[in-house]
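Heads up, the thing below is written out as structure tokens.
We use all heavy atoms of the structure for the numbers below, so side chains are in, but hydrogens, waters and symmetry mates are not. In this chain, residues are counted from 1 in sequence order.
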Amino acid sequence: QVQLVESGGGLVQAGGSLRLSCAASGRIFSINTMGWYRQAPGKQRELVATITSGGSTNYPDSVKGRFTISRDNAKNTTYLQMNSLNPEDTAVYYCNANVRTGVRTYYYTTAWGQGTQVTVSS
């Protein structure tokens, strides 16, 4: 069993910054890709950022240049630094991780955090 614990959400003014953290724990052999998704009311969940075990990152155009994802493999933790926030970034942000749970290559599971609210005021 793998759990993801998120922190860092809150209320911020437009133009401000927030830093989200997500720590994985439980049955972990290694973690492949970690990422962040968000979901605003009435909208589908969308990708915010991903980072591979080797450090390769991916961002959609909506956040590129403003958000930065990073990870600390020793702590099984990923971070999302969000700068130049605007009201369109308001959403529940979810952490995601693809976790290898055993010595066998095919022992993988996908875990999700409970979500943390980010609200950006105008």
Side-chain angles (χ1 to χ4, degrees):
Q1 187 175 359
V2 178
Q3 299 84 40
L4 302 181
V5 179
E6 301 162 325
S7 62
L11 175 66
V12 65
Q13 294 182 341
S17 299
L18 284 174
R19 186 173 186 258
L20 306 182
S21 299
C22 172
S25 62
R27 190 177 178 85
I28 300 173
F29 183 84
S30 63
I31 303 178
N32 185 15
T33 300
M34 305 187 79
W36 292 90
Y37 294 73
R38 67 186 182 187
Q39 187 166 22
K43 295 185 178 295
Q44 292 186 318
R45 186 173 298 185
E46 65 174 344
L47 174 71
V48 175
T50 60
I51 184 168
T52 69
S53 59
S56 297
T57 59
N58 183 50
Y59 308 92
D61 290 340
S62 59
V63 308
K64 192 174 299 181
R66 300 188 298 120
F67 292 8
T68 302
I69 188 171
S70 60
R71 64 190 289 169
D72 185 336
N73 291 330
K75 296 181 179 180
N76 291 325
T77 299
T78 184
Y79 308 93
L80 184 68
Q81 179 67 47
M82 303 185 293
N83 299 325
S84 301
L85 287 163
N86 60 67
E88 298 302 313
D89 297 315
T90 296
V92 177
Y93 283 69
Y94 298 91
C95 179
N96 169 265
N98 183 238
V99 181
R100 183 177 174 180
T101 59
V103 67
R104 300 286 183 168
T105 301
Y106 50 83
Y107 288 160
Y108 273 91
T109 189
T110 298
W112 289 90
Q114 79 287 347
T116 184
Q117 178 70 47
V118 172
T119 302
V120 184
S121 62
S122 60

In Å and rounded to the nearest 0.5 Å, what is the [atom1] to [atom2] distance from [X] to [Y]?
{"X": "T52", "Y": "R71", "atom1": "OG1", "atom2": "CZ", "answer": "7.0 Å"}
{"X": "I69", "Y": "C95", "atom1": "CD1", "atom2": "SG", "answer": "8.0 Å"}
{"X": "T101", "Y": "I28", "atom1": "OG1", "atom2": "CD1", "answer": "9.5 Å"}
{"X": "N76", "Y": "S25", "atom1": "CG", "atom2": "OG", "answer": "8.5 Å"}
{"X": "T77", "Y": "D72", "atom1": "OG1", "atom2": "CG", "answer": "6.0 Å"}

In residues 29-44, what donor-acceptor pairs under 3.5 Å come from side-chain atoms, sequence neighbours left out?
unit_1	atom_1	unit_2	atom_2	d
R38	NE	E46	OE2	2.7
R38	NH1	D89	OD1	2.9
R38	NH1	Y93	OH	2.9
R38	NH2	E46	OE2	3.3
Q39	NE2	K43	O	3.1

Any donor-acceptor pair under 3.5 Å from R27 side chain to G102 backbone: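 Not at all, since once roles are kept as given, no pair shorter than 3.5 Å links the two residues.
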Less than 3.5 Å apart, which donor and acceptor atoms pair up between the side chains of residues 15-23 and the rest of the protein, not counting sequence neighbours?
unit_1	atom_1	unit_2	atom_2	d
S17	OG	N83	OD1	2.9

Got a sec, which residues hit side-chain hydrogen bond (donor to acceptor under 3.5 Å, both in side chains) with E88, two or more places apart in sequence or on another chain?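 E88 satisfies side-chain hydrogen bond (donor to acceptor under 3.5 Å, both in side chains) with no other residue.
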Restricting to pairs with a member in residues 54-91, which pass ring-ring contact (aromatic ring centres under 6.0 Å, His included), not counting sequence neighbours? none
What do the steps show when you test R66 against N86 for side chain to side chain contact (heavy atoms under 4.5 Å, CB included), and what is the final call? CA-CA 10 Å; R66 300 188 298 120; N86 60 67; 3.6 Å; yes
Distance-only check: which donor-acceptor pairs under 3.5 Å involve side-chain atoms of residues 111-122, not counting sequence neighbours?
unit_1	atom_1	unit_2	atom_2	d
Q117	NE2	A91	O	3.4
Q117	NE2	T119	OG1	3.3

Supply the members, apart from L11, of the Ile/Leu/Val/Met/Phe/Trp/Tyr cluster built from side-chain contacts under 4.5 Å; use none for a lone residue.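 For L11, no cluster forms, as it stays isolated from other hydrophobic side chains.
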